[in-house]
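Report on one structure; see the data block that follows.
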Amino acid sequence: MLILTYKNNKMSDEIMKLSGYAKKDAKTKNLVKRLKKNDIPIIFHEDIDEVAAYSLIEKGVKLVINCAQSFTGKYPANGVKILLENNIIIYDNVGIDIFNNIEEGDFVEINDDKLFINKIFLCNINQLDYNDFLRKYEISYKNMETLLDEFIQNTLEYARKEKSFILGNFEMPTLKTSFAGKQVLVVTRGTSFKKDIKAIKNYIKEVKPVIMAVDGAADALLDENIKPDIIIGDMDSISERSMLACKEIIVHSYTNGYAPGLKKVKEIGIDANIISCPGTSEDVALLLAYEKGAELIVSVGSHTNILDFLEKGRKGMASTLLVRLKIGSKLVDAKGVSKLYTEKFSVKYLLFIIMAALIPLFAIILTTPPFQYLFYFVQLKLKSLLR
């Protein structure tokens with residue numbers, strides 16, 4: 001059981017002992033699917049991103065052991081900041097050897113920064129200090145100018161290579177789902193995408209758009225009882241449950257035609273289309289919806305800024321910029337839409353609505369004969385009392 005106390009974002013001296021069972025994966029997005037509240041996640045995740053941080057928080061973890069460097073300072077990645085502000089302890093940069101020495105299900109104990117596995121001492125580990133992190137975080141902003149220059153150059157280089165993709169010079173699969181004249185919702189695992197899904201549930205219910213999920217976003221949709229029509233991606237972070245629930249699957253392959261995700265689909269006996277082109281799976285989904293005649297495309301959880309792409313390890317955002325330039329007139333970006341619905345419902349508005357509803361009710365009552373007789377009787381009583 002974990003015994004933890006935070007004061008002003010700093011760990012107090014009240015920590016006695018930390019223990020739990022290890023859940024281990026090099027990919028945090030895969031790990032969280034198996035994670036339970038009292039487990040200790042063992043990850044190898046350099047520059048923890050926002051999506052990973054929020055997914056760990058949702059699982060209720062109190063402690064993370066990261067065998068890679070959680071924050072390198074190359075750019076202001078927000079994952080560590082989010083974890084620390086939510087009182088989650090991070091043991092940082094523990095090392096690949098430690099990662100290889102811990103097995104899933106091992107009993108993990110930490111006492112005075114000493115790591116024990118199955119009651120056997122393994123090594124000393126270091127807790128990430130909040131104040132040290134803040135200093136590095138502030139410094140990382142100074143790197144942004146140089147980083148942005150490199151990013152722009154890479155984007156222009158990729159744009160030359162990917163322009164044929166934007167022009168539609170790739171083989172599009174024949175799909176059962178019709179897009180022509182319909183609204184299409186494209187959902188990607190981006191920052192706050194789960195909140196955005198909740199915020200537009202009424203839109204989904206009323207408009208009934210064609211729903212395209214990019215990889216693991218399909219799982220989040222199913223959690224909200226929303227079935228995607230199409231799943232597109234390399235299938236590296238999607239559950240079997242989602243693949244079986246979906247109508248159609250499109251495996252996004254490398255430009256040379258190699259599609260590692262196809263094996264995963266075939267193993268559960270599902271047919272899939274293959275689409276071979278550059279760019280991200282999100283870009284492919286947006287462009288496919290456009291080329292297939294969608295009336296309007298609504299994007300949720302999209303990756304549209306430099307930090308999103310740096311967190312994904314992509315050097316440029318050429319395809320994303322070019323796709324949005326092409327389909328701009330039909331694209332609505334719903335990223336952050338949940339913020340529009342966070343304001344609490346005011347009590348005065350509720351009272352106003354109730355009063356407005358009661359006015360016609362009183363008007364009807366006043367015109368009924370029984371009430372008129374009662375009103376006349378009250379008048380007579382008042383006159384007799386006033387004499």
Side-chain angles (χ1 to χ4, degrees), residues 1-72 77-133 189 194 216 219-220 223 236-237 239-241:
M1 184 176 178
L2 297 176
I3 304 171
L4 311 173
T5 306
Y6 253 103
K7 292 181 179 178
N8 299 322
N9 289 315
K10 293 172 69 178
M11 188 59 68
S12 78
D13 294 332
E14 295 175 35
I15 294 181
M16 302 298 291
K17 191 175 183 180
L18 314 175
S19 63
Y21 289 96
K23 285 291 193 305
K24 168 187 164 181
D25 206 301
K27 291 189 175 181
T28 310
K29 61 185 177 181
N30 293 336
L31 174 73
V32 293
K33 295 175 185 177
R34 310 191 304 275
L35 204 56
K36 295 179 182 177
K37 188 174 182 179
N38 290 323
D39 289 336
I40 295 180
I42 314 295
I43 62 175
F44 195 89
H45 193 152
E46 187 176 273
D47 286 318
I48 297 173
D49 58 87
E50 287 188 29
V51 175
Y54 282 122
S55 64
L56 289 166
I57 291 166
E58 285 175 8
K59 292 296 182 177
V61 302
K62 303 296 182 184
L63 164 71
V64 174
I65 297 177
N66 191 2
C67 298
Q69 195 169 354
S70 303
F71 183 79
T72 63
N78 288 319
V80 169
K81 189 170 185 284
I82 292 165
L83 290 173
L84 293 176
E85 287 176 348
N86 281 273
N87 294 343
I88 294 174
I89 306 167
I90 303 172
Y91 280 96
D92 185 48
N93 205 18
V94 174
I96 188 64
D97 290 339
I98 304 305
F99 184 81
N100 292 333
N101 272 290
I102 299 175
E103 298 296 332
E104 180 107 359
D106 281 348
F107 186 67
V108 178
E109 293 176 281
I110 301 170
N111 197 348
D112 289 332
D113 292 343
K114 292 180 174 62
L115 177 64
F116 296 83
I117 304 297
N118 299 323
K119 303 292 183 178
I120 300 171
F121 173 73
L122 185 61
C123 65
N124 290 314
I125 55 177
N126 296 314
Q127 183 185 326
L128 186 63
D129 181 79
Y130 185 77
N131 291 323
D132 285 346
F133 161 74
R189 288 179 74 252
K194 290 184 179 180
D219 292 331
D223 289 341
D236 72 332
S237 60
S239 68
E240 183 176 318
R241 172 186 69 133

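The figures that follow rest on heavy atoms only: side chains count, while hydrogens, waters and symmetry mates do not. Residue numbers start at 1 and run along the sequence shown. Please read all numbers here as calculations on a predicted model, not as lab measurements.
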By side-chain contact (heavy atoms from CB on, under 4.5 Å) - contacts of Glu58 (at least two apart)
Lys194
Measure the CD-CD1 distance between Glu50 and Ile82 for me, rounded to the nearest 0.5 Å.
4.0 Å
Main chain of Val51, side chain of Asp49: is a donor-acceptor contact present, judged purely on distance under 3.5 Å?
yes
Smallest heavy-atom separation, Arg241 atom then Asp219 atom, equals NH2-O, 3.4 Å
How far apart are the closest heavy atoms of Ala53 and Gly79, and which atoms are they?
CB-O, 3.5 Å
Does atom CZ of Phe121 have more than 12 heavy-atom neighbours, drawn from other residues, nucleotides or ligands, at distances under 6.0 Å?
yes
Roughly how far, to the nearest 0.5 Å, is CD1 of Ile88 from CD1 of Ile57?
4.5 Å
Return yes when atom NZ of Lys36 has more than 12 non-hydrogen atoms of other residues, nucleotides or ligands closer than 6.0 Å, and no otherwise.
no
Heavy-atom closest contact (Phe99 atom, Cys67 atom, distance)
CB-SG, 3.5 Å
Nearest heavy-atom contact between Glu109 and Ser19 is CG-CB, 3.8 Å
Kindly indicate whether the side chain of Asn93, heavy atoms from C-beta on, has any atom under 4.5 Å from the side chain of Asn126.
no
Any chance you could lay out the side chain to side chain contact (heavy atoms under 4.5 Å, CB included) test for Ile117 and Asn101, step after step, and finish with the verdict?
CA-CA 9 Å; Ile117 304 297; Asn101 272 290; over 6 Å; no
Do Tyr91 and Ile40 come within less than 4.5 Å of each other through their side chains, counting heavy atoms only?
no
Asp132: side-chain hydrogen bond (donor to acceptor under 3.5 Å, both in side chains) partners, not counting sequence neighbours:
Arg135
One should read off an interatomic distance between Ile110 CD1 and Ile125 CD1, to the nearest 0.5 angstrom, of 4.0 Å
Those residues that, when tested against Lys23, pass side-chain contact (heavy atoms from CB on, under 4.5 Å) (two or more places apart):
Leu31, Arg34, Leu35, Asp39, Glu104
Taking the side chain as every heavy atom from C-beta outward, state whether Ile89 and Leu63 have any atom pair closer than 4.5 Å.
yes
Return the set of residues passing side-chain contact (heavy atoms from CB on, under 4.5 Å) with Asn118 (not counting sequence neighbours), or none when no residue passes.
Asp106, Phe107
Spatial distance of atom CD1 (Ile65) from atom CD1 (Ile42) [nearest 0.5 Å]
3.5 Å
What's the spacing between Cys123 SG and Lys114 NZ if we round to 0.5 Å?
11.0 Å
With sequence neighbours excluded, what pairs up with Lys81 under the side-chain hydrogen bond (donor to acceptor under 3.5 Å, both in side chains) test?
Glu85
Counting only N and O atoms by type, is there a donor-acceptor contact under 3.5 Å from the side chain of Asn38 to the main-chain atoms of Gly20?
no
Lys24 and Ile102: which non-hydrogen atoms are nearest, and at how many Å?
NZ-O, 2.8 Å
Grab the two heavy atoms, one from Asp92 and one from Ala68, that are nearest each other, plus how far apart they are.
OD1-O, 3.4 Å
Tell me every residue that passes ring-ring contact (aromatic ring centres under 6.0 Å, His included) with Phe133, counting only those two or more places apart in sequence or in another chain.
Phe71, Tyr137
Taking atom CG of Leu83 and atom CD1 of Ile90, what is their separation to the nearest 0.5 Å?
4.5 Å
